[in-house]
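Keep in mind that this is a model prediction, so the values were computed, not measured.
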Amino acid sequence: MIQSITDRSEHPFEWIDIVDPDQQELDKLTRKYNLHSSSINDWLQVDHLPKYENVHNYVFIIFRLHADNVSDEADTVTELTDKVAIFMFDELVITLHKKEWLAPQQIKENQIKEHTCENTHQLVNEIIKSCIATYEAPSSKLTSDIEFYEENMFLKNRKPSLLKGLYYLRRQVEVTRRVLMLSHDIVDKIDSSELSNTYTRDTRDLYVKLHNIYDTLFENMNQLVMIYFSISSQRTNDIVRVLTVFSVFFMPLTFIVGIYGMNFEHMPELRWRLGYPGVMILMGAITVGIYIWFKRRGWL
């Protein structure tokens with residue numbers, strides 16, 4: 001679907017927004033505006049990462065905004081983000097995207113009507129800012145998820161699903177952080193020294209803020225995973241320690257029982273009237289002795 005957001009009759013530039021174009025529409029667009037085939041191929045590549053490229057008489061930008069609906073087990077770039085392609089001419093901006101996107105109408109109602117966009121560069125700056133802003137809400141959700149897993153890890157019984165949830169949460173943080181990192185060049189070009197103004201600096205400030213938030217989330221996630229394995233290792237050590245204590249208690253007792261269970265003919269202790277109670281008392285004394293020794297060492 002092709003729609004005209006602004007035209008030259010009312011504004012100093014034209015903005016055409018295209019939703020999920022078919023091949024025929026792409027061919028028509030390519031011929032009409034003399035778009036390079038490499039730009040179209042990059043747009044058709046589903047998992048293409050962010051890029052900024054000067055092509056002939058226009059600037060080609062691919063930016064990935066965070067998807068609206070993300071499942072708990074989403075862990076790839078295409079599952080976590082949606083792609084927007086931007087063609088910026090001197091007096092024309094073309095945006096391409098696969099899914100419905102509310103930003104064009106919002107920018108038209110706010111920035112364009114308030115005359116904060118005087119040229120295509122300022123318009124593209126607002127588009128990029130709106131794309132970056134889509135990462136704010138997911139960062140709050142990821143923070144809440146990390147706190148949830150931290151609480152369950154320390155205060156509640158761990159379940160097998162906890163490790164699976166930690167894996168997907170770590171992947172979501174890692175992939176989103178990587179996409180933001182790869183968008184740095186775009187923000188740099190938008191807020192270059194020659195074109196910098198109050199609005200482009202706002203875009204950079206928002207980007208830096210979110211980049212730092214996702215860096216912190218990534219560090220917290222790594223620490224949480226390390227703590228999970230540390231707790232698992234500690235609990236394994238506790239179980240091994242208990243089993244070791246039991247084995248130490250039974251080792252001398254098993255040794256005594258093994259000796260007197262051989263039933264050789266010339267074993268004088270077998271004919272002692274007090275042999276059985278004597279051995280039982282000896283075994284009890286050894287057990288008490290081991291217990292006292294363990295207590296004094298602080299092992300129990």
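Ser139 approaches Tyr214 most closely through the heavy-atom pair N-OH, 3.3 Å. Closest non-hydrogen pair, Leu142 versus Gln172, comes out as CD2-OE1, 3.7 Å. Annotation for Tyr149 and Gly165: closest pair OH-CA, 3.1 Å, computed over non-hydrogen atoms. Residues Leu169 and Asp145 share a closest heavy-atom pair of CD1-CB, 3.7 Å. Across all non-hydrogen atoms, the minimal contact from Asp215 to Arg177 is OD1-NE, 2.7 Å. Thr244 approaches Val240 most closely through the heavy-atom pair OG1-O, 2.7 Å.
Atom CG of Asp185 has more than 12 neighbouring heavy atoms from other residues, nucleotides or ligands inside a 6.0 Å radius. Enclosure of atom CG in Asp90 is not indicated, since only 12 or fewer non-hydrogen atoms of other residues, nucleotides or ligands lie within 6.0 angstrom. Counting non-hydrogen atoms of other residues, nucleotides and ligands closer than 6.0 Å to CE of Met283 gives a total above 12.
Between Val124 and Ile128 the shortest side-chain heavy-atom distance falls below 4.5 Å. Under the 4.5 Å side-chain criterion, counting only non-hydrogen atoms from C-beta, Leu80 is not in contact with Val179. A heavy-atom distance below 4.5 Å is found between the side chains of Lys28 and Arg31. Using a 4.5 Å heavy-atom threshold, the side chains of Asp17 and Val19 count as touching. A heavy-atom distance below 4.5 Å is found between the side chains of Tyr58 and Leu35. By the 4.5 Å heavy-atom criterion applied to side chains, Arg204 and Ile190 are not counted as neighbours. With contacts defined as side-chain heavy-atom distances shorter than 4.5 Å, the pair Glu150/Leu224 qualifies. Side-chain contact between Pro21 and Leu29: absent, with no pair of heavy atoms (C-beta onward) separated by less than 4.5 Å.
With rounding to the nearest 0.5 Å, the separation of CG in Asn69 from CG in Asp82 is 9.5 Å. Rounding to the nearest 0.5 angstrom, the gap separating the CG atom in Leu210 from the CG atom in Leu217 is 10.0 Å. Asn119 CG to Gln122 CD: the interatomic distance, rounded to the nearest 0.5 Å, is 4.5 Å. Leu49 contributes atom CG, which lies 5.5 Å from atom CG of Leu182 (distance to the nearest 0.5 angstrom). Atoms OH and CD, from Tyr168 and Glu73 in turn, are 4.5 Å apart once rounded to the nearest 0.5 Å. Here the CD1-CD1 distance, from Ile186 to Ile61, works out to 6.0 Å after rounding to the nearest 0.5 Å.
Residues Phe87 and Leu65 do not share a hydrophobic cluster, defined by chaining ILVMFWY side chains whose heavy atoms lie under 4.5 Å apart. Val59 and Leu195 end up in different hydrophobic clusters when Ile, Leu, Val, Met, Phe, Trp and Tyr side chains are linked at under 4.5 Å. Leu96 and Phe89 fall within the same hydrophobic cluster, defined by Ile, Leu, Val, Met, Phe, Trp and Tyr side-chain heavy atoms under 4.5 Å apart, directly or through other members. Clustering ILVMFWY residues whenever any of their side-chain heavy atoms sit less than 4.5 angstrom apart, transitively, puts Phe255 in the very cluster that holds Val257. Using a 4.5 Å cut-off between side-chain heavy atoms of Ile, Leu, Val, Met, Phe, Trp and Tyr, with links allowed through other members, Ile94 and Phe13 fall into different hydrophobic clusters.
Between Ser183 and Arg64, the side chains place no donor N or O within less than 3.5 Å of an acceptor N or O (distance only, hydrogens not considered). Thr216 and Glu219 share no side-chain donor-acceptor pair at under 3.5 Å. Side-chain atoms of Ser196 and Asp191 form a donor-acceptor pair, as typed in the model, at a separation below 3.5 Å. In this model, a donor atom of one side chain and an acceptor atom of the other lie less than 3.5 Å apart for Thr95 and Trp15.
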Determine whether Gln23 and Asp27 satisfy the following criterion, side-chain hydrogen bond (donor to acceptor under 3.5 Å, both in side chains), listing intermediate values before the conclusion.
CA-CA 6 Å; Gln23 190 59 49; Asp27 293 340; 3.0 Å; yes
The test is side-chain hydrogen bond (donor to acceptor under 3.5 Å, both in side chains); show your working for Ser144 and Glu147 and say whether it passes.
CA-CA 5 Å; Ser144 300; Glu147 291 173 354; 5.0 Å; no
After noting the C-alpha distance and the side-chain angles of Arg170 and Asp75, does the key distance pass the salt bridge (Lys or Arg N to Asp or Glu O under 4.0 Å) rule?
CA-CA 9 Å; Arg170 185 181 183 279; Asp75 65 340; over 6 Å; no
So Ile86 and Val93, side chain to side chain contact (heavy atoms under 4.5 Å, CB included) or not? Walk me through it.
CA-CA 7 Å; Ile86 305 168; Val93 171; 4.1 Å; yes
Residue pair Ser130, Trp101: steps toward the side chain to side chain contact (heavy atoms under 4.5 Å, CB included) verdict
CA-CA 11 Å; Ser130 69; Trp101 187 34; 3.9 Å; yes
Take Gln223 and Asn220 through the test side chain to side chain contact (heavy atoms under 4.5 Å, CB included) and record every step on the way to the result.
CA-CA 5 Å; Gln223 291 177 1; Asn220 292 343; 4.3 Å; yes
Let me see the working for Thr81 and Tyr135 under side chain to side chain contact (heavy atoms under 4.5 Å, CB included), right down to the final yes or no.
CA-CA 10 Å; Thr81 61; Tyr135 290 88; 3.7 Å; yes
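Looking only at distances, no side-chain donor or acceptor of Asn125 sits under 3.5 Å from a matching main-chain atom of His121. Here the side chain of Glu151 pairs no donor or acceptor atom with the backbone of Phe148 at under 3.5 angstrom. Put simply, the side chain of Thr134 gets close to the backbone of Cys131: a donor and an acceptor are under 3.5 Å apart. Glu109 contributes no side-chain N or O that, together with a main-chain N or O of Gln105, makes up a donor-acceptor pair within less than 3.5 Å. Lys129 places no side-chain N or O within donor-acceptor distance of the main-chain N or O of Thr203, the cut-off being under 3.5 Å.
A salt bridge does not link Lys99 to Asp20: none of the charged nitrogens lies less than 4.0 Å from a carboxylate oxygen. A salt bridge does not link Lys83 to Asp47: none of the charged side-chain nitrogens sits closer than 4.0 Å to a carboxylate oxygen. Using a cut-off of 4.0 Å between Lys/Arg side-chain N and Asp/Glu carboxylate O, Asp205 and Lys209 are scored as not salt-bridged.
Within the structure, ring pair (Phe, Tyr, Trp, His ring centres under 6.0 Å) pairs that include any residue of residues 24-50 comprise His36-His56 (at least two apart or interchain).
Between Tyr207 and His211, the angle of the ring planes lies from 30° to 60°, which puts this pair in the tilted group.
With sequence neighbours excluded, the residues satisfying side chain to side chain contact (heavy atoms under 4.5 Å, CB included) with Ile286 are Pro252, Ile256, Leu282, Ile290.
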